[in-house]
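Only one structure is covered here, and it is reproduced in the block below.
Just so it is clear, the model here is predicted, and its values are computed rather than measured. Labels below follow one simple rule: chain letters A, B, ... track the order of the sequence lines, proteins then strands, and each chain is numbered from 1. Values below: every heavy atom of this structure, side chains too, minus hydrogens, waters and symmetry copies.
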Amino acid sequence: MVVAGIDIGAATAKAVLLNSKGILSKAIYQTGPDVVKIAKKVTESALTRANLNWDDLGYVLATGYGRISVSFANSSLTEISCHARGAKWLSPEVEMVIDIGGQDSKAIVVSPKGGVSDFVMNDKCAAGTGRFLEVMANVLEMSLEDFCTLALKSRSPCQISSVCTIFAESEVISLRAQRKPIEDIVAGIHKASAKRVCTMASRLGKYRNIVFTGGVAKNKGMIKALENELGVTPIIPEEPQLVGALGAALLAREMAGKTASAANR
Amino acid sequence: MKELLELCGYEDAAELATQMPRIRKAFAKLDITDDDIAAAKKRLKTDYEIDLRGFRKLLNIYVKEMINFALCEEEKGKRIYNTLPSLSSALGAAAAIADETVYAGFPTIIMLLIYHGIFKKMGPHWEAAEQESMGTTEGHCGCNLCKIGAQLTGLFPKPDAQIQWGIYCDDAPKADEYLENTQDMKLITINRILDENKGETVTPRAKKYFTEQLRKAMSEVSEVIGKKITDEHLWQALLETRQMMQQTEQLVLTCLHADPVPLSVNTVFYVFVFYACNPSRENVQPLQEAMTILNEEAKERVARGEGYYEKGAPRVAMHLPSFVDASIATLIKDMGLAVPCMELMWYERGEMIPDLGETENPDPYSILAMGMLSYPFIGPFAMRLEAMVATFEKYNLDGFLGLFPFSCRAMTADTMVLKHGIQQKLDVPVVMIEGDVYDDRKYPLESIRTRIESFAEMCKISKDTRDQKVA
């Protein structure tokens with residue numbers, strides 16, 4: 001049976017198709033304003049890549065903030081559960097997941113069976129999310145790509161003391177006016193963001209095997225900053241943005257199995 | 001309006017007809033419009049157990065208390081207000097027993113629960129507090145914003161005295177002090193000694209000091225109302241409180257022992273709140289009747305195998321539900337959890353108030369002091385955790401959902417320690433959700449939804465695992 005995990009995040013929508021043998025295909029798009037439309041589009045894209053059509057889908061599980069809008073889903077679970085499961089599948093030794101998405105960040109303690117033992121999230125404030133980094137890149141008139149890699153060149157990151165994105169923006173402009181080296185400012189921004197996330201995660205305890213997921217996990221500057229704050233090297237999946245959708249697909253496969261067993265009795 | 005009032009337990013058409021002019025007057029004074037009433041009706045039908053006659057009768061008393069408060073300036077004599085963080089209004093009740101012209105109530109709670117919980121009208125009054133005295137940040141507890149803002153806007157008529165409690169947090173007494181200095185409000189202050197003694201829950205020194213503080217405060221209340229409040233008056237208030245406690249505990253025990261849990265935590269909370277804020281004298285008997293009916297209805301549901309929550313749902317405890325947002329309790333149910341009890345109301349406390357003949361030293365102040373100081377919620381952390389662990393083990397609970405006001409320094413200081421304590425001792429899922437049980441502007445419901453849903457997923461897996469081990 002083919003199952004799908006659909007993760008509708010604030011910034012991107014992802015789909016992963018799975019069967020008993022493994023991953024069949026994946027797709028990712030910018031979410032945009034129409035969540036219902038993008039859910040269909042990303043699923044269709046994944047189906048096309050796997051040479052399948054809608055009739056081939058046995059079970060669909062939706063996750064992410066837009067999960068309720070995926071009308072064709074058989075069920076939904078929060079992204080917390082899905083990230084834990086996806087990370088466990090990719091890295092069996094995982095103890096904690098740190099997920100930094102476009103508009104929220106979370107830390108999840110993963111149980112030995114790939115469930116959730118504990119979690120904490122920040123979805124009230126942009127600081128410590130992908131949005132914070134985007135805003136800062138804009139302030140410095142840089143592409144996000146350049147912004148991410150420039151941090152690695154710094155030897156002495158600036159101190160960014162503001163906890164709020166808006167005030168941090170003012171602080172960054174002020175640092176620029178003081179002619180601080182741009183790489184130090186960029187590294188300081190990454191450091192502030194990493195610190196915020198790690199302070200949140202530390203409430204759950206200290207762990208060594210940490211998987212870093214979400215779009216921000218593709219940011220080399222952030223990986224370095226997180227490593228410095230955590231004191232361990234985080235594990236970065238090959239496609240960190242897809243971990244939620246993968247987890248959803250894995251859980252879909254389990255649920256489909258249970259449904260089939262129940263029907264056979 | 002008639003439909004709303006019927007939903008709020010006005011059963012007797014003749015009574016309603018007689019009361020209507022007074023009700024309309026109060027609603028006009030409170031600026032409750034037809035639009036507010038229409039929205040309130042929807043809210044009542046969605047988030048409240050108005051199918052229960054006992055709950056409707058309870059709600060009826062609450063609405064009457066709101067009306068009484070709205071009209072107390074013209075209908076009553078002296079006004080004595082109780083305030084949070086007190087969880088006893090025995091002093092005010094005794095004053096009202098001594099002199100029936102006295103209005104002795106707990107306006108903050110009544111107005112948060114009904115004026116905002118059902119009618120959503122507190123916003124401008126909170127804003128008034130923020131504009132005048134408290135920052136526009138989220139640094140102050142919604143109940144203190146209510147207390148100050150409502151004085152500034154005139155929603156609360158100025159009392160002849162307000163009881164100020166220095167027994168738990170600093171924010172509340174500071175808010176009272178602000179009113180004393182800017183509104184020339186008379187305060188009657190009650191403090192306690194914050195002994196933290198790991199060996200004993202309440203030290204003799206703390207008990208003695210608090211007893212005398214209560215006695216002194218009552219003497220000041222007597223002075224304000226111009227009538228001596230005797231020990232007998234206080235005993236009567238305590239015995240009424242005991243009856244309420246016993247009826248409430250009966251309800252909670254019914255919920256703790258049943259699956260499915262028969263009542264919403266919101267319903268039980270509305271019951272519990274009445275032993276913090278005494279009803280007006282004419283509502284004492286109706287309150288007892290309402291609670292008797294509600295207890296019977298709960299038992300009937302259990303006998304029929306029915307419940308507010310799903311059968312087999314993971315049973316989780318809470319700190320307390322929101323005063324102002326009953327939709328959170330509905331959300332918890334929709335996520336497949338059951339809440340049979342809350343931390344504020346699970347301790348067997350009825351026996352703390354003996355009959356007069358049962359004690360050698362019938363000092364009601366000493367009894368009241370001990371009752372309040374033994375309350376784990378405001379006691380030393382170790383006492384709180386011990387009480388919680390004992391209840392979890394006794395009633396086989398599956399998790400703890402803390403909805404804590406992040407602006408409350410007293411509660412937030414304990415929150416993470418409590419979480420780790422429960423996790424270590426009990427190995428059950430615990431989630432601590434930042435919100436504000438007094439002010440629904442302070443959190444987006446969607447973010448609470450995600451947390452509760454994730455917690456529900458954890459609880460279901462944890463419960464299944466434990467059930468399989470037992471099997």
Side-chain angles (χ1 to χ4, degrees), chain A residues 8-10 35 61-69 75-85 88 97 99 101 103-125 129 163-164 167 199-206 244 247-248 251 254-255 258, chain B residues 136-139 314 331 334-337 398-402 404 406-407 412-424 426-436 441-466 468-469:
Chain A
I8 309 295
V35 169
L61 191 145
T63 189
Y65 100 98
R67 62 189 177 277
I68 300 164
S69 305
S75 61
S76 68
L77 286 171
T78 63
E79 56 273 35
I80 307 240
S81 298
C82 293
H83 272 271
R85 184 54 62 87
K88 185 72 176 173
V97 174
D99 175 55
Q103 292 187 13
D104 72 7
S105 53
K106 46 184 104 56
I108 306 161
V109 175
V110 183
S111 73
K113 289 187 179 175
V116 177
S117 294
D118 205 350
F119 71 94
V120 64
M121 54 190 301
N122 161 34
D123 56 359
K124 279 208 273 285
C125 162
T129 71
V163 295
C164 166
F167 295 137
T199 300
M200 179 184 71
S202 67
R203 285 193 233 157
L204 304 178
K206 289 216 173 297
L251 288 161
E254 280 174 35
M255 285 178 173
K258 282 182 189 164
Chain B
T136 52
T137 61
E138 297 168 346
L331 182 61
D334 289 345
M335 292 300 134
L337 295 170
D398 299 307
F400 185 81
L401 197 165
F404 70 96
F406 61 83
S407 56
T412 52
D414 274 354
T415 295
M416 284 302 142
V417 187
L418 194 64
K419 179 181 178 187
H420 295 142
I422 297 170
Q423 284 172 326
Q424 276 165 14
L426 295 165
D427 194 25
V428 293
V430 179
V431 71
M432 295 296 191
I433 300 177
E434 292 180 0
D436 192 328
R441 300 171 306 163
K442 301 257 182 88
Y443 54 85
L445 196 62
E446 269 314 304
S447 72
I448 293 200
R449 175 191 298 273
T450 303
R451 286 160 174 80
I452 293 177
E453 197 175 340
S454 301
F455 174 65
E457 289 162 17
M458 287 163 69
C459 285
K460 284 166 193 167
I461 293 172
S462 168
K463 185 175 186 315
D464 284 346
T465 307
R466 288 209 308 283
Q468 278 166 23
K469 276 187 192 163

Please test B:Ile461 against A:Ser111 for side chain to side chain contact (heavy atoms under 4.5 Å, CB included), starting from the C-alpha separation and ending with a verdict. CA-CA 11 Å; B:Ile461 293 172; A:Ser111 73; over 6 Å; no
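- In this structure, CE on B:Met458 lies 8.5 Å from OG on A:Ser81, to the nearest 0.5 angstrom.
- Contact of the B:Met416 side chain with the A:Val120 side chain is not registered, since no non-hydrogen atoms from C-beta on lie closer than 4.5 Å.
- Under a 3.5 Å cut-off, the side chain of A:Thr129 and the backbone N or O of A:Ser105 do not form any donor-acceptor pair.
- Contacts between A:Ile108 and chain B at a heavy-atom distance below 4.5 Å are absent for every atom of the residue.
- Residues A:Leu251 and A:Cys82 form a side-chain contact, since some pair of their non-hydrogen atoms from C-beta on lies under 4.5 Å apart.
- Listed for the A:Arg67 side chain is a donor-acceptor partner under 3.5 Å among the backbone atoms of A:Gly64.
- At a 4.5 Å heavy-atom cutoff, the contact between A:Leu204 and chain B is made by side-chain atoms alone.
- Contacts of residues 426-434 of chain B with chain A at a heavy-atom distance below 4.5 Å involve B:Val430, B:Val431, B:Glu434, listed in sequence order.
- A donor-acceptor pair under 3.5 Å links the side-chain atoms of B:Glu457 to the main chain of A:Thr78, judged by distance alone.
- Contacts of A:Ser117 with chain B are made by backbone atoms alone, with heavy-atom separations under 4.5 Å and no side-chain atom involved.
- Considering only heavy atoms from C-beta on, A:Glu79 stays 4.5 Å or farther from A:Asp99 through its side chain.
- Contacts of B:Glu453 with chain A are made by both backbone and side-chain atoms, with heavy-atom separations under 4.5 Å.
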